[in-house]
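All remarks here apply to the structure that follows.
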Amino acid sequence: FYTVGHGIIELSDQLSGTNLALIALHEKMHFLHECAGLGNRSTEIMFKAAQAKLLLNSLRDNPGYWRWWFSLLSQSAH
């Protein structure tokens, strides 16, 4: 889960592989949306407009996270 306002993402030890990757990305998106100032009053159009930019910036700014994330997918592919 993501703790709003604290920038903390907590993931269950019981998750692994693609399930862990999916939940981690879902929670990361909550974090990125909050960082971009998107919230309950934001429209779907606002979220869609920000989504690609948020992900691309995250790829550039946090490559370690993405190496870990892609490693989860590659482990599951074997």
Side-chain angles (χ1 to χ4, degrees):
F1 63 90
Y2 173 65
T3 306
V4 176
H6 293 95
I8 298 169
I9 296 173
E10 293 189 41
L11 301 168
S12 170
D13 292 339
Q14 308 224 344
L15 295 170
S16 64
T18 54
N19 287 335
L20 177 55
L22 178 65
I23 299 300
L25 182 58
H26 176 87
E27 299 305 332
K28 183 173 181 68
M29 291 312 303
H30 284 298
F31 169 72
L32 293 174
H33 289 155
E34 183 180 6
C35 289
L38 299 170
N40 291 336
R41 295 181 185 253
S42 302
T43 65
E44 183 178 350
I45 292 171
M46 293 166 74
F47 275 96
K48 286 181 177 180
Q51 198 82 7
K53 183 178 179 181
L54 290 167
L55 284 170
L56 290 172
N57 286 346
S58 176
L59 280 165
R60 180 193 65 218
D61 298 339
N62 196 353
Y65 171 85
W66 292 102
R67 277 191 296 276
W68 168 78
W69 191 82
F70 283 114
S71 76
L72 295 174
L73 298 181
S74 68
Q75 292 168 9
S76 296
H78 295 113

*Within a strict 4.5 Å, meaning less than it, do heavy atoms of the N62 and W69 side chains meet?*
no

*Is T18 close to L72 at the side-chain level, that is, under 4.5 Å between some pair of heavy atoms?*
no

Is there a path from [X] to [Y] through hydrophobic residues (I, L, V, M, F, W, Y) whose side chains come within less than 4.5 Å of each other?
| X | Y | value |
| --- | --- | --- |
| L20 | F70 | yes |
| W68 | L15 | yes |
| L59 | L22 | no |

Could you grab the distance from atom [atom1] of [X] to atom [atom2] of [Y], nearest 0.5 Å is fine?
| X | Y | atom1 | atom2 | answer |
| --- | --- | --- | --- | --- |
| E27 | I8 | CD | CD1 | 13.0 Å |
| L32 | L25 | CG | CG | 8.5 Å |
| H26 | L11 | NE2 | CG | 11.0 Å |
| Q14 | N19 | CD | CG | 12.0 Å |

*asked:* If we ignore hydrogens and angles and just use 3.5 Å, is the side chain of Q75 paired with the main-chain N or O of G17 as donor and acceptor?
replied: no

Closest non-hydrogen atom pair between [X] and [Y], with its separation:
| X | Y | result |
| --- | --- | --- |
| Y65 | K28 | CE2-CD, 3.2 Å |
| H30 | Y2 | CB-CD2, 3.9 Å |
| S42 | G37 | OG-O, 4.2 Å |
| S58 | W66 | OG-NE1, 2.9 Å |

List the atom pairs, donor and acceptor, that lie under 3.5 Å between side-chain atoms in residues 45-55 and the rest of the protein, sequence neighbours left out.
unit_1	atom_1	unit_2	atom_2	d
K48	NZ	E44	OE2	3.0
Q51	OE1	H33	NE2	2.9

